[in-house]
Amino acid sequence: MTDTINTKFTCRDVRVHYGDFEALHGIDIDIPDRGVTAFIGPSGCGKSTFLRTFNRMNDTIDGCRVSGKIHMDGQDIYDPNLDPVLLRAQVGMVFQKPNPFPKSIYDNVAYGPRIHGLTSSKAELDALVEKSLRRAGLWEEVKDRLKLSGTGLSGGQQQRLVIARAIAVSPEVILMDEPASALDPIATAKLEALIEELKERYCIIIVTHSMAQAARVSDKTAFFYMGDLIEFDDTDKIFTNPGNTRTQDYITGRTG
Amino acid sequence: MTETAFTSKAALKRLKKRRGTEWRFRMWGRAAVLFALAALAWLMISIVGTGYTAFQQNFMTMDFELSESILAPDGTRDPEKLRGANYRRVVQNTMYSQFPEVTKRKDKQALFALVSASGATNQIRQMVYKNPNLVGKTVTITVPASDQIDQLLKGYIKRDTDESRRKVSNQQIAWADTLKERGVIKKKFNKILFMNPDSRDPELAGIASAVVGSIMILVVAFVLAFPIGVGSAIYLDEFAPKNKFTDFIEININNLAAVPSIVFGLLGLAVFLNFMGMPRSIPLVGGMVLALRVFPTITIATRSALQGVSPSIVDGALSLGASHTQAVFQQKLPLAGPGILTGSIIGMAQALGETAPLLMIGMVAFVTEVPNSVTEPATALPVQIFLWSDSAERAWAERTSAAIIVLLVVLITMNGFAIWLRNRLEQRR
Amino acid sequence: MGQIPIYMMLLIAVLTIGGFVYNRSAALEKFRAARAAAGGRMAPTAWHSQASYHGYFTAWIVGLSTLAIFIIGLFIKGSGTGFNVAWLVATILTGLAAIILTGRKVSGQFRARTYVERFIQGFLILLSVIAVLTTLGIIASLLFESLRFFKEVPFMDFLFGLQWSPQTALRTDQVGQSGSFGAIPVFAGTFLIMLVAMAIAGPVGLMIAIYLTEYASGAVKKWVKPAIEILAGVPTVVYGFFALLTFAPFVRGFAESLGFSVPTQSALAAGVVMGVMIIPFVSSLSSDVINAVPQTLRDGSYALGATESETMKKVVFTAALPGIIGAFMLAISRAIGETMIVYMAAGKAANLTANPFEAVTTVTVQIVALLTGDSDFDSPKTLVAFALGLVLFIITLLLNVVALTVVRRYRAKY
Amino acid sequence: MTMKTLILGAASAALLVACGGGDTAAVKEKAAETVKDAAKVAQTATGGDIRVVGSSTVYPFSTKVAQEFKNKTGFNVVVESTGSGGGHKLFCSGADQSTPDITNSSRRQKKSEFDNCVKNGVQGVVEVKIGFDGIVLANAVDSPVMNMSLKDVYMAFAKEVPTSDTDCTLRANPYTSWSEINPALPDFKIEAYGPPPTSGTRDAFVEIAMEGGAKKVDCLAALRKEDKKAFANIAHTLREDGKWIDAGENDNALVQTLVNTPTAVGVFGYSFLDQNADKIKGANIDGTAPEFENIAAGDYPVARSLYFYIKKDHVGQTPGLQEFALEFTSDAAAGPGGYLEEIGLVPLPDAERAAVRTAVENLSTYSQ
């Protein structure tokens, strides 16, 4: 990664409240435009909560309040005039547990383009579905059974299907919330390979429990602890020479 | 092995006793299940046992001489005029001709009572009305026997009871037996029960108008209750902010589902009839009252169906940029569909069996015609059952049971479908 | 003339659908043009709402505005061909104006989807409010008529009077009779029948629930559960018929063989049949509650060497008790409000008795009898039906609300 | 997208129906004002049917005629049993087409009811007497025939009775068995299943039998001359100590109860006795049995007349209305040997029947 990379997200003093409870205590961070940023930290440290602020999925949780500023490409994404729906079209998300819709594989991928009216003909849509599935590395495995239900695939395939579904909307960012935690090692390896490929085109933010995974796939790593961002730096630096003792303790397994 | 606290004699004895208690408890459970099943069996057997005979009825096939001197002394062939002619005389003549030896007035009356007077005269009347050229000819048609004879031949009126205690005289029994031997009286499938509207005479009474009335009520109730029920469930579950007001709505709906149905009848009477001035005994009002009665059921079923859909589905849709409304309507609702359907069917079955509220809004009318629209007076099947069960003639008990059989078959089919749907749903989860 | 509203509604439907189709295609055209201008590839942000939403937006506006004209027309109560033509023209003009005005709004920036979703939400709110309106309607109608009754008969005499014999004159020109409106015997009868019913449905329903959730094998469950649910699906008028024709004579014969004399219509006959009707209600609610008790509790008990019945009685039952009480309360509310069985099988004689072999009457029986009888609509004899209805509503309301709260709080606990 | 279309469709359908429903009354009212062709209005307002409401006693006769009439002419008749009082109330609630055309009554229309009609703009009501109905006291067919006088009836069922024929000091009714009242009666405990207070049959029983019996008590007869109201109060109040049991009217449970309780009597209309003659039989009152001939001849003391009332304004608006009334009063229906007699109506004497028929033909209104 070179220094000329632009900043995708600029966060200043981001705080998240669930009712009276403050889950994040003012986070300042700049997420780069390309590459993979990993969020690590012990359970309940707020990393997932923080991830969900980038596409405003927190809006759907009752009693959840977000304050502070998050800008994407200079645009305030918490601007009251901004429709979160359009934001989410640009910021895709992959969840911990694969959640394909109980529809056909084709319909799963086509759902996004359809609601956004991205294509104007069946052929165009077909092409988009194929392209997305190919990019997610799933095409060869499912091209003969596009009409079958997406829930019939294996866990790893489902997760890649969900990624294909997200890619189909042509987002700029893909958020991944522990995407490999429900997968076996082989499927995880495939997924990581996919992330490796995707980071050329997209800004990827990944929350992970696995230190090794963060070390393998990410370019930058942020360490969260008890609702605070403790350290944010190049992955190599974090894992070899962390600037903070708490980071060090976590990475070496003394906490968490 | 050494004797421990658990292998001592006392402990073993206690264990035996405990096992005994266990066994008895189990038996109580089994007994409770058997009790419920026995009650169900008794109910079904008693109703089917009294009702199945009503699906057949005794008919008489005879020649009727449509003599011009009786029907059209002035030689008219105007159908409207012919309609009012004296068909009773025609039927009487036919009956008398069966036993020419009968001459006394009282005996003739008794003989005439073998046939359904109303049924026979009206059947001939309609024939002549449609085809006035029949006057002067002789027709052979099949008409229902009177309810007394029908009951006699079905064995409900016992021959060995004292003559003064039964409504059929010995002479009439002899006539009926003779006619049966001659092949004039025959038992046939009782089409009347299904095709006719209500009647004063048991042998002519049918459930057609009540069935149509019930269908209309159900359609109105469904068209109103389904959107209200599903709509309020979607609102409460998906869009409503959590505040006092939505809590209030929620309590309201839960309570409404348990409010006695007769209270809805009182509501209909006070609001729809007295306050709004809508007509009495029309399916529209019946449907509106029952819609209010069943929509909470649909709401509750819909809510539990919606809550059963994994939230990750909605998250998935939202993360792709679907709006909340889109996520709910396009992803969640179709998944909740079978659950909603189950709830709706159960609600509709509830509405179909409801009687008390309909009594309050005057749906106990005697209607001689199958209603054509929801604003025409009608009655409903359960109300018809209620009315018939209250009628004096013995033949009604049989017909009431037959109507109940029809109602139960429909209801059990509906409920069975709902249960099947629900089981399939549970398996899928 | 009577047909005109129907034609008007058809017209409104046509305008609404037409508006949808017209503006949807207009939006589609503009969208395609914009896409072509953008070189075939357009960001999702460039065009806010899909074409069909522009169509829906138009449909809502057209539908609502023409419906408003329609309703105004109904209220003006005009007459004659002139009025009808004016009414029709006004509707058409409004509809067309709405189509054109909304059509102008079609653009990438116009947030048709947001508006449509707001309309849908508003509509959903409207639907949920119907529940509140229904309750208000019930309270208002019962209260209104009851107050008229209480003007003539003191409230206390009604609620605590021991004599139910509404013998007041049928008509205003008759000499009045004693006319006691003491509702206690009626409540007592209701209560007695409810007790009989619960004496059957309570233990039987509960034991069925326990047996089916804890003991029964899959095959038994598969057949027994639906069979018991059939009992719940049988209309009450059928139970009434059964009670009247089969069960009441059976009870009487049975009692006579024991040397009692029992009237055909007795609290026992009605109560037992009602109890059978409520069994599935109790059993399904109870099994929900029992199922909600976590398996860990049971496992804990088994691990100590308790038998199944001991676990059931001492652990599961205790844990489930609040929920079961709630279920019973709902069943009681159901028994109190049941009408047809008691109307057909319990009788109309207001005896103040605790003997289930006697005939008693209930609140619901009296409501039906009073409202379908020969009395004047305005006489206290008819109005008292609403007062009884009010009391019935209040009692069941209390039972329901308490029971529902108990059950819900109970479920939240686990 | 399909789901949404579906929901939108369902919603709009609901809206349409809701509007249609809510407006029926308004529409109807307007219809009456607007359109010249009255018959057509009726068609939209009530489906063109003849609407009959009123007494549950007349209901079986009315439905029978309705059925025959429908077959003879094709006109649809809707009969609803609302009770006499309810019937008059509905009938007199207005003159427009949404109100009933006919109300049945098991008694004459009362002054107050007639006034209500006039007040609400019902101009011209035709009163039609159709026949008689006896009120009988019946017991199981196996029990001995009871021979009672009207006075016995009064003594058995009044809440308070005079101490003796001459001493009108009232005391709570002390009698528990029939033989205490009249040694000739069986030693059965007094137990009567009778119509509830809401019933017109009860009304008639009280006004004819109870009052008739009270008049036979000398001192009460004297009281009647002085203070009618006080007399009526004494005569009309039925006992409330469980000897008189409110039961359903004309229902099967009642017959069953009587058959099963041989010592009990039931109080109901003659037509119901007629239908169940194989199970129950009537008591003789003042030496007269409740039989067809006796009621027709006016010998049976507890008999009342049955009526129906026609709204004259509706003749010509409701198609077939007058024809229906003519069918009802025809010899084939209400005459001796007519089909109404078959189900228990006691016909009027020939002369009176002819007079009634003429009144229907001429639509002569009545007044009070």
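Chain naming here is simple, since letters A, B, ... match the order of the sequence lines and numbering starts at 1 in each.
Within a 6.0 Å radius of CZ in A:Arg201, other residues, nucleotides and ligands contribute 12 heavy atoms or fewer. The environment of B:Phe194 atom CZ is dense: over 12 non-hydrogen atoms of other residues, nucleotides or ligands sit within 6.0 angstrom.
Residue A:Val162 does not touch chain B at all, counting heavy-atom pairs closer than 4.5 Å.
Contacts of A:Ser210 classified as side-chain hydrogen bond (donor to acceptor under 3.5 Å, both in side chains), with partners at least two apart in sequence or in another chain: none.
Listed here is the closest heavy atom pair of A:Ile115 and B:Leu320: CD1-O, 4.3 Å.
Comparing A:Gly92, A:Pro102, A:Pro171, A:Ala166 by how many heavy-atom pairs each has under 4.5 Å with chain B, the most go to A:Pro102.
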Between chain A and chain B, identify all donor-acceptor pairs below 3.5 angstrom, including backbone and side-chain atoms.
residue, atom, partner, partner atom, Å
A:Asn99, ND2, B:Ser312, O, 2.6
A:Tyr111, OH, B:Gln330, OE1, 2.7
A:His116, NE2, B:Leu320, O, 2.8

